[in-house]
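Residues take their numbers from the sequence shown, with the count starting at 1.
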Amino acid sequence: MEEKKREDGLVAMAACYQRFDPAAYLQYNYTPPRADFERKDSIVPWKLACLHRAFNEGDVTGELLVDVGSGPTLYQVLSGCEVFNKVLLTDFLEVNRQELRHWLQDEGCNLDWTPYLQHVCKLEGRRPSAWTEKAAKLREVITDILPIDVHRPQPMALDALPSSGADCLVSCFCLESVSPDLAAFTRALGHIGRLLRPGGHLLLIGALGESYYFGGPGVKIPVVPLNEAQVCESLKESGYTLIRLEVYTLPQDMRVGVDDVTGVFFAKAKKIKQK
């Protein structure tokens with residue numbers, strides 16, 4: 001009975017996503033005020049700064065970076081593409097994978113990523129005009145855009161990764177947004193850990209206190225409302241050692257009516273054992 005209930009919850013979540021609209025989602029979350037690069041308290045610059053620091057502290061190294069649940073976004077690998085020679089993007093939805101392919105093939109997409117590229121260039125101490133070089137580097141190192149299902153014990157096709165696993169995983173606003181409850185979130189953390197080599201790093205960004213977000217006009221998607229203690233406990237239970245947890249609290253004017261998120265967490269963790 002418990003297994004049936006669990007499966008029904010996952011089926012219901014998958015059904016919610018069939019009307020997901022990448023263009024609307026990008027407009028809601030990746031334009032000002034949430035992506036205002038002139039403001040130090042804007043959420044997107046905060047996320048980019050967390051990722052920049054994590055990828056440049058010297059301990060996150062290797063050959064292969066896998067982005068788990070990319071959605072229609074690229075910002076989460078803009079720093080990692082300078083560290084890793086191979087980057088894999090993944091998502092459950094074909095519409096999101098198609099959005100990423102449009103950018104990869106320079107066919108135009110639903111958001112201009114130029115300001116993001118320029119901002120990360122500045123974080124790296126380069127001229128903003130170097131964004132074209134960074135875009136070329138990113139297109140060079142992204143080797144594929146593949147399906148993933150974080151609720152499966154083996155989330156990706158068996159031949160998608162080397163047998164040793166990825167050296168680093170990054171995942172942003174994925175696991176809590178596709179899980180019907182905290183137990184499913186924790187299981188998903190364990191599942192994606194199987195993609196990661198022992199000693200590899202996980203860089204995780206997610207929502208705090210969020211119960212829903214809009215994935216398109218009228219498309220209300222439920223979210224597991226997490227707190228900091230639950231994030232830490234789920235990581236520990238799933239075989240990771242937490243290195244650092246940072247928290248961002250949304251200013252009132254960032255609460256723009258497309259969700260009820262109150263904060264965002266950034267976790268840097270290391271895999272210690274197989275789950």
Side-chain angles (χ1 to χ4, degrees), residues 10 50-71 73-93 96-97 100 104 137-138 140-179 183-206 231-245 265-275:
L10 298 178
C50 287
L51 290 164
H52 168 73
R53 278 196 301 277
F55 278 118
N56 286 278
E57 287 170 324
D59 55 340
V60 178
T61 58
E63 183 74 11
L64 175 63
L65 169 66
V66 176
D67 181 24
V68 173
S70 305
T73 66
L74 289 160
Y75 70 91
Q76 58 274 27
V77 294
L78 295 186
S79 292
C81 75
E82 303 292 344
V83 179
F84 292 88
N85 294 321
K86 295 180 181 176
V87 174
L88 273 180
L89 305 181
T90 70
D91 202 72
F92 181 73
L93 295 176
N96 284 337
R97 298 195 300 269
L100 296 170
L104 194 60
K137 177 70 177 288
L138 186 56
E140 178 188 327
V141 300
I142 293 174
T143 56
D144 216 338
I145 301 166
L146 297 174
I148 193 168
D149 184 346
V150 300
H151 296 305
R152 294 186 178 278
Q154 183 63 43
M156 297 176 70
L158 283 171
D159 59 353
L161 300 181
S163 57
S164 56
D167 299 294
C168 179
L169 304 180
V170 60
S171 187
C172 300
F173 301 105
C174 172
L175 305 187
E176 74 280 9
S177 302
V178 300
S179 297
F185 170 82
T186 304
R187 283 194 299 273
L189 266 176
H191 293 162
I192 68 169
R194 292 171 183 164
L195 306 174
L196 186 63
R197 66 168 172 80
H201 287 84
L202 169 66
L203 306 180
L204 187 68
I205 293 179
V231 173
C232 294
E233 184 57 34
S234 290
L235 283 165
K236 182 180 177 183
E237 191 178 323
S238 303
Y240 303 93
T241 295
L242 181 63
I243 297 170
R244 181 169 72 251
L245 185 76
F265 70 87
F266 170 80
K268 180 179 180 179
K270 191 172 186 177
K271 178 179 173 178
I272 52 171
K273 62 179 184 292
Q274 189 74 36
K275 289 294 286 185

Distance from [X] atom [atom1] to [Y] atom [atom2], nearest 0.5 Å?
X	Y	atom1	atom2	value
Ile192	Thr90	CD1	OG1	9.0 Å
Glu237	Thr186	CD	OG1	5.5 Å
Lys270	Leu196	NZ	CG	10.5 Å
Arg53	Ser79	CZ	OG	10.5 Å
Asn85	Lys137	CG	NZ	7.0 Å
Leu88	Leu64	CG	CG	5.5 Å

List the atom of [X], the atom of [Y], and the distance in Å for their closest heavy-atom pair.
X	Y	answer
Pro155	Leu195	CD-CD2, 4.0 Å
Ser70	Gln76	O-NE2, 3.3 Å
Lys268	Val60	CE-CG2, 3.8 Å
Leu146	Met156	CD1-CE, 3.8 Å
Cys232	Leu242	SG-CD2, 3.6 Å
Leu175	Ala188	CD2-CB, 4.1 Å

Donor-acceptor pair, side chain of Thr143 and main chain of Lys86, under 3.5 angstrom: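 No, Thr143 side chain to Lys86 backbone: no donor-acceptor pair under 3.5 Å.
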Determine yes or no for a side-chain-to-main-chain donor-acceptor pair under 3.5 angstrom, with Arg197 supplying the side chain and Cys168 the backbone.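 It does not hold such a pair.
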Looking at side-chain heavy atoms only, is the closest gap between [X] and [Y] below 4.5 Å?
X	Y	value
Thr241	Lys236	no
Leu169	Lys271	no
Leu245	Leu235	no
Phe55	Leu65	yes
Glu57	Arg244	yes
Ile205	Leu51	yes
Asp167	Phe84	yes

Given the rule in the side chain to side chain contact (heavy atoms under 4.5 Å, CB included) test, do Leu202 and Leu189 qualify, once you have shown the distances and angles that lead to the verdict? CA-CA 10 Å; Leu202 169 66; Leu189 266 176; 3.9 Å; yes
Take Thr73 and Cys172, measure what side chain to side chain contact (heavy atoms under 4.5 Å, CB included) needs, and give me the verdict at the end. CA-CA 10 Å; Thr73 66; Cys172 300; over 6 Å; no
Can you tell me if Arg152 has over 12 outside heavy atoms packed within less than 6.0 Å of its CZ?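 It does not: Arg152 CZ has 12 such atoms or fewer within range.
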Just do the side chain to side chain contact (heavy atoms under 4.5 Å, CB included) check on Ser179 and His151 with the steps written out, would you? CA-CA 8 Å; Ser179 297; His151 296 305; 3.4 Å; yes
Using side chain to side chain contact (heavy atoms under 4.5 Å, CB included), reason through Leu204 and Phe265 one step at a time and then give a plain yes or no. CA-CA 8 Å; Leu204 187 68; Phe265 70 87; 3.8 Å; yes
